[in-house]
Engineer: 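Pasting in a structure now, in structure tokens, and then I'll have a few things to ask.
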Amino acid sequence: MATWLQSKWRYLFMFLGVQLVVMALLSREGYHKRVSYFISIFRKQENTASGTSGAGSPHARNHTGGDVYANLSLLDKAHGQGEDMPYCPKTSPLIGGPIHVNFPSGLTLAQVARKNPLVVRGGRYRPPDCEARHRTAIIIPHRNREHHLKFLLYYLHPFLQRQQLNYGIYVIHQAGNYTFNRAKLMNVGFREAMREEDWDCLFFHDVDLIPEDDRNTYMCDANPKHTAIAMDKFGYKLPYKMYFGGVSALSPLHYLKMNGFPNNYWGWGGEDDDIGVRVSLGGMFISRPSVKVGRYKMIKHKLDKGNDVNPRRFNMLAKTRQTWKLDGMNTVEYEVLSRDHFPLYTNITVHIGTEAGLHATAPSPKIPAKAPAKPPVEAPAKPLAKLQQKQQQHH
Ligand code: UDH
Ligand code: NGS
């Protein structure tokens, strides 16, 4: 009886042993994945529990924990920028998903520059180890918001690097104290950026909006794209269906199809709605990323001095259908006062005049918002001329 039991145990152990070996062999591949999956869950919990990190503590997070600078150490400057570099993969392996955003005090531009050693003069970057598939210019309308710009640059540079883009950042700075004109500055940005390089996508980007997920790719779609779909100040929801404010992305062809943006919205409000209407008047649709991905945190602020609410915005909006071909990229007038290639961005300071025109010093409040029916003052930059030709062929 005892011998029978002994041999039964022996067979049982042998059977279990063989099973164990087979299981170990079969699961060798999946094992690492599963282990790292569980580790990542624990890390995520750890990071949520430990609260904030981001800009204040540069080493605290890996990519799953939302540090926008995690992963970038994988980039190696030593890799050649030769002719024979392979194209970057369609989906960047550096993308990490949600980004933790906070605004620590004491951050300086010099610190931002040190954290972005591969960014070159004028705020330009291209991946060191592969040929980027996309060339994106970021256009930021600006005046008196240096403290916001610093944070935007802190987050945007690594964000764009993680997407393996060839990119450049342009700050279009309105000179003087006259009423701010966001849309006209964007027209200036478009023309001046296209003068420098044949960008295939332009992102029109408010200075106070920080993207919170790097799966929100800064590349153009087949239609104009509105990316600031879920902002914290609107409870991470679209405030209304036609909203086109904050951040949007257009290819040069999109931009020309809708005759760019209006030049005559002085002060706060309405210009973004006008742009949204132009998209459909130009025969296009608004595309958007998902609300999960198109998330932005706004740096809180009040309405700026020199940017009072425009009381005429509703009347102007009602006439977009009649005015869009008469006012826009084909009529924009301005004077570039300076162009500086700073380490983290290209600054273009521009005189855009007033409602009364480019050289009128004292604007008359009675001047109607009518678009000037003049031909364009400046000859289009070379890539633009090419595009206009393309557009004519298109129609
Ligand atoms: N901007 C400047 N300087 C200014 C004004 C605007 O740089 O003086 C730029 C900046 O890029 C900003 C963008 O224009 O992000 C849009 O302006 P905004 O931030 O003032 O507009 P927003 O609608 O906020 O985001 C308005 C706050 C309160 C409006 C209340 C009106 N009822
Ligand atoms: C609309 C404005 C837009 C503005 C949006 C969000 O009412 O320009 O609110 O404003 N349109 C008009 O005034 C016609 S916000 O909540 O960001 O201040 O972008």
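As the structure is a prediction and not an experimental result, all values here were calculated from the model. Just follow the structure's listing: the first ligand is 1, and inside any ligand the first atom is 1.
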Engineer: Ring-plane angle category for Phe159 and Tyr218, please: parallel below 30°, perpendicular beyond 60°, tilted otherwise.
Structural biologist: perpendicular
Engineer: Can you tell me if Leu303 has a non-hydrogen atom under 4.0 Å from ligand 1?
Structural biologist: yes
Engineer: Any ion pair linking Arg124 and Glu197 (charged N to carboxylate O, less than 4.0 Å)?
Structural biologist: yes
Engineer: Between Arg339 and Glu196 (salt bridge meaning N to carboxylate O under 4.0 Å), is one present in this structure?
Structural biologist: yes
Engineer: Return a table of N or O atom pairs, ligand 2 on one side and protein on the other, at distances under 3.5 Å, rounded to 0.1 Å.
Structural biologist:
{"from": "ligand 2", "atom 1": "8 (O)", "to": "Gly270", "atom 2": "N", "distance (Å)": "2.8"}
{"from": "ligand 2", "atom 1": "8 (O)", "to": "Asp272", "atom 2": "OD1", "distance (Å)": "2.6"}
{"from": "ligand 2", "atom 1": "8 (O)", "to": "Asp272", "atom 2": "OD2", "distance (Å)": "3.4"}
{"from": "ligand 2", "atom 1": "11 (N)", "to": "Asp273", "atom 2": "OD2", "distance (Å)": "2.6"}
{"from": "ligand 2", "atom 1": "13 (O)", "to": "Arg313", "atom 2": "NE", "distance (Å)": "2.6"}
{"from": "ligand 2", "atom 1": "17 (O)", "to": "Lys233", "atom 2": "NZ", "distance (Å)": "2.4"}
{"from": "ligand 2", "atom 1": "19 (O)", "to": "Asp272", "atom 2": "OD2", "distance (Å)": "2.5"}

Engineer: Sequence neighbours left out, what passes salt bridge (Lys or Arg N to Asp or Glu O under 4.0 Å) with Glu212? Give chain and number order.
Structural biologist: none
Engineer: Could you tell me if the ring centre of Phe151 sits under 6.0 Å from that of Tyr154?
Structural biologist: no
Engineer: Please work out which of Arg145, Arg182, His142, Lys302 has its closest non-hydrogen atom nearest to atom 20 (O) of ligand 1.
Structural biologist: Arg145
Engineer: Over 60° means perpendicular and under 30° means parallel, so tell me whether Phe204 and Tyr255 are parallel, tilted or perpendicular.
Structural biologist: parallel
Engineer: Report yes or no: does a heavy atom of Gly306 sit under 4.0 Å from some atom of ligand 1?
Structural biologist: no
Engineer: Would you kindly specify which portion of Asn307 sits under 4.0 Å from ligand 1, judged on non-hydrogen atoms: side chain, backbone, both or neither?
Structural biologist: side chain
Engineer: Is there any N or O on Asp208 that sits under 3.5 Å from an N or O of ligand 1?
Structural biologist: yes
Engineer: Judged by atom type as modelled, is there a donor-acceptor pair below 3.5 Å linking the side chain of Asp274 to the main-chain atoms of Leu317?
Structural biologist: no
Engineer: Check this for me: does any side-chain nitrogen of one of Arg145 and Asp208 sit under 4.0 Å from a carboxylate oxygen of the other?
Structural biologist: yes
Engineer: Using a 4.0 Å cutoff against the non-hydrogen atoms of His301, which atoms of ligand 1 qualify?
Structural biologist: 18 (P), 19 (O), 20 (O), 24 (O), 26 (C), 27 (C)
Engineer: One residue to check: Asp206. Relative to ligand 1, which of side chain, backbone, both or neither has a non-hydrogen atom less than 4.0 Å away?
Structural biologist: both
Engineer: Tell me the protein heavy atom at minimum distance from atom 26 (C) of ligand 1, and give that distance in Å.
Structural biologist: Trp268 NE1, 3.5 Å
Engineer: I'd like to know if Lys297 pairs up with Asp232 as an ion pair, taking the criterion as any Lys NZ or Arg NE/NH1/NH2 lying under 4.0 Å from an Asp or Glu carboxylate oxygen.
Structural biologist: no
Engineer: Starting from atom 11 (O) of ligand 1, find the nearest protein heavy-atom neighbour and note its residue, name and distance.
Structural biologist: Pro141 O, 2.8 Å
Engineer: List ligand 1 atoms under 4.0 Å from Asp304, heavy atoms only on the residue side.
Structural biologist: 4 (C), 5 (C), 8 (O), 20 (O)
Engineer: Side chain, backbone, both or neither: which applies to Gln174 and ligand 1 if a contact is any heavy-atom pair less than 4.0 Å apart?
Structural biologist: neither
Engineer: Hey, which of Asp272, Asp206, Asn307 is the one that makes side chain to side chain donor-acceptor pair (under 3.5 Å) with Arg182?
Structural biologist: Asp206
Engineer: Nearest protein heavy atom to atom 25 (O) of ligand 1, by residue and atom, and its distance?
Structural biologist: Lys233 NZ, 3.9 Å
Engineer: Tell me: protein heavy atom nearest atom 14 (O) of ligand 1, and distance?
Structural biologist: Phe180 CE2, 3.5 Å
Engineer: So if I apply the side chain to side chain donor-acceptor pair (under 3.5 Å) rule between His157 and each of Tyr167, Tyr125, Tyr69, which one comes out positive?
Structural biologist: Tyr167
Engineer: I want to check something: taking the side chain as every heavy atom from C-beta on, are Met316 and Thr323 in contact at a cut-off of under 4.5 Å?
Structural biologist: no
Engineer: Starting at CG of Asp198, measure out to CZ of Arg135 and round the result to the nearest 0.5 Å.
Structural biologist: 5.5 Å
Engineer: Arg143 versus ligand 1: do any nitrogen or oxygen atoms come within less than 3.5 Å of each other?
Structural biologist: yes
